[in-house]
Amino acid sequence: MGRDLIKLVDVGKSFQGRRVLNRVNLEVGASEITVIRGRSGAGKTTLLKLIALLIKPDEGRVFIEGLDAWSLREGERNRLASNAMSYIPQSIDLIPSLSVRENIELPALIRGVPKSVRERALQDVIGLLGLSNILERRVSTLSGGEKQMVALARSLVSKPKLVVADEPFAYVDDAGVETLFGVVRDLRDRLGTSFIITTTELYLKSFSGDKEYFLVNGSLTRV
């Protein structure tokens with residue numbers, strides 16, 4: 001179990017009497033891309049929030065790097081999540097009035113990371129993603145694909161072992177999907193970063209993960 005970045009064991013979740021997730025089991029290892037496909041309302045966002053420790057399961061266990069996350073104290077659990085992963089929500093939560101640089105740096109700034117460390121991490125990320133030509137632009141002027149790339153860059157500044165991304169291709173055309181997923185594969189290969197990506201695209205094969213799942217009626221099935 002200790003070799004898995006993430007392990008869910010018989011996880012279930014309900015909201016207002018509605019069963020959203022039913023005995024979900026999932027394992028994610030190092031340097032893996034996991035794609036979870038499902039229709040809108042299938043429970044994909046709930047599943048990712050459980051993985052990111054943003055909500056607590058009603059039953060089952062969530063292990064992060066071998067540790068039973070919900071058996072830990074709140075501070076320990078928050079540190080565990082912060083050190084292990086970055087979460088990109090479905091709604092791109094960049095700040096439109098800030099520049100690309102400022103948006104990428106913001107999480108590290110809030111955590112009190114020294115300026116020299118922030119700048120080094122920023123340069124590493126923009127080099128990997130090729131964002132130097134838009135670094136000083138306001139986010140409000142960017143295309144959907146560019147915004148997703150900035151959100152990805154921001155998630156990588158802390159050098160997480162895992163990036164959890166909720167429908168990152170929702171605002172990107174087909175060509176943009178191929179480009180963005182190519183970047184994801186490159187990051188996996190070059191950095192060893194793992195990714196969990198959800199999508200409503202049930203059959204689109206312009207991107208495919210090392211592991212593929214369908215989430216239907218609250219049940220997760222490997223393809």
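Scope of the values below: all heavy atoms of this structure, side chains included, with no hydrogens, waters or symmetry mates.
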Test Arg188 against Asp210 for side-chain contact (heavy atoms from CB on, under 4.5 Å), laying out the working first. CA-CA 11 Å; Arg188 175 202 59 193; Asp210 302 307; 3.0 Å; yes
Contact check, side chains of [X] and [Y], non-hydrogen atoms, under 4.5 Å:
X      : Y      : result
Glu102 : Arg138 : yes
Ile55  : Phe15  : yes
Thr193 : Leu162 : no
Phe195 : Val164 : no
Asn22  : Asn217 : no
Val184 : Val163 : no
Ser86  : Ser158 : yes
Val157 : Ile104 : yes

For [Y], does its backbone N or O pair with a side-chain atom of [X] as donor and acceptor, under 3.5 Å?
X      : Y      : value
Gln148 : Gly145 : no
Lys7   : Gly29  : no
Ser143 : Glu146 : yes
Ser31  : Gly192 : yes
Asn103 : Ile95  : yes
Thr198 : Glu167 : yes

Start with the C-alpha gap between Arg185 and Val183, add the side-chain angles, then the distance that decides, and say whether side-chain contact (heavy atoms from CB on, under 4.5 Å) holds. CA-CA 5 Å; Arg185 283 194 296 265; Val183 170; over 6 Å; no
With rounding to the nearest 0.5 angstrom, report the [atom1] to [atom2] distance, [X] to [Y].
X      : Y      : atom1 : atom2 : answer
Leu215 : Leu21  : CG    : CG    : 6.0 Å
Leu128 : Asp186 : CG    : CG    : 7.5 Å
Leu26  : Arg222 : CG    : CZ    : 9.5 Å
Ile33  : Glu212 : CD1   : CD    : 10.0 Å

Tell me whether Glu59 is salt-bridged to Arg19, with the criterion being a basic N under 4.0 Å from an acidic carboxylate O. yes
Salt bridge Glu201-Arg37, side-chain N to carboxylate O under 4.0 Å: no
Are there over 12 heavy-atom neighbours, none belonging to [X], within less than 6.0 Å of that residue's [atom1]?
X      : atom1 : result
Asp58  : CG    : yes
Arg23  : CZ    : no
Lys147 : NZ    : yes

Closest approach of [X] and [Y], non-hydrogen atoms and distance?
X      : Y      : value
Ile64  : Ala84  : CG2-CB, 3.8 Å
Ala30  : Ser194 : C-OG, 3.3 Å
Val24  : Gly218 : CG2-O, 3.7 Å
Phe181 : Gly209 : CZ-N, 4.4 Å
Ala153 : Leu131 : CB-CD1, 3.7 Å
Pro168 : Leu180 : O-CD2, 3.9 Å

Report the residue from Ile197, Ile6, Val28 that forms a side chain to side chain contact (heavy atoms under 4.5 Å, CB included) with Thr34. Val28
Output every pair passing salt bridge (Lys or Arg N to Asp or Glu O under 4.0 Å) with a member in residues 66-89, not counting sequence neighbours, ordered by first then second residue. Arg61-Asp68
Lys211 NZ/CZ over Tyr213 ring centroid, <6.0 Å and within 45° of normal: no
Test side-chain contact (heavy atoms from CB on, under 4.5 Å) applied to Leu142 and Ile134, step by step: CA-CA 9 Å; Leu142 303 181; Ile134 65 169; 4.3 Å; yes
List the atom pairs, with distances to 0.1 Å, where a side-chain N or O of residues 112-120 and a protein N or O form a donor-acceptor pair under 3.5 Å, not counting sequence neighbours.
from	atom 1	to	atom 2	distance (Å)
Arg118	NH1	Val113	O	2.8
Glu119	OE1	Arg101	NH1	3.3
Glu119	OE2	Gln123	NE2	2.7

Without placing hydrogens or testing angles, list every side-chain donor-acceptor pair under 3.5 Å for residues 44-54, not counting sequence neighbours.
from	atom 1	to	atom 2	distance (Å)
Lys44	NZ	Gly38	O	3.0
Lys44	NZ	Arg39	O	3.0
Thr45	OG1	Gln90	OE1	3.4
Thr45	OG1	Asp166	OD2	2.6

Passes side-chain contact (heavy atoms from CB on, under 4.5 Å), Glu32 versus Ile196? Steps please. CA-CA 8 Å; Glu32 287 183 352; Ile196 302 176; over 6 Å; no
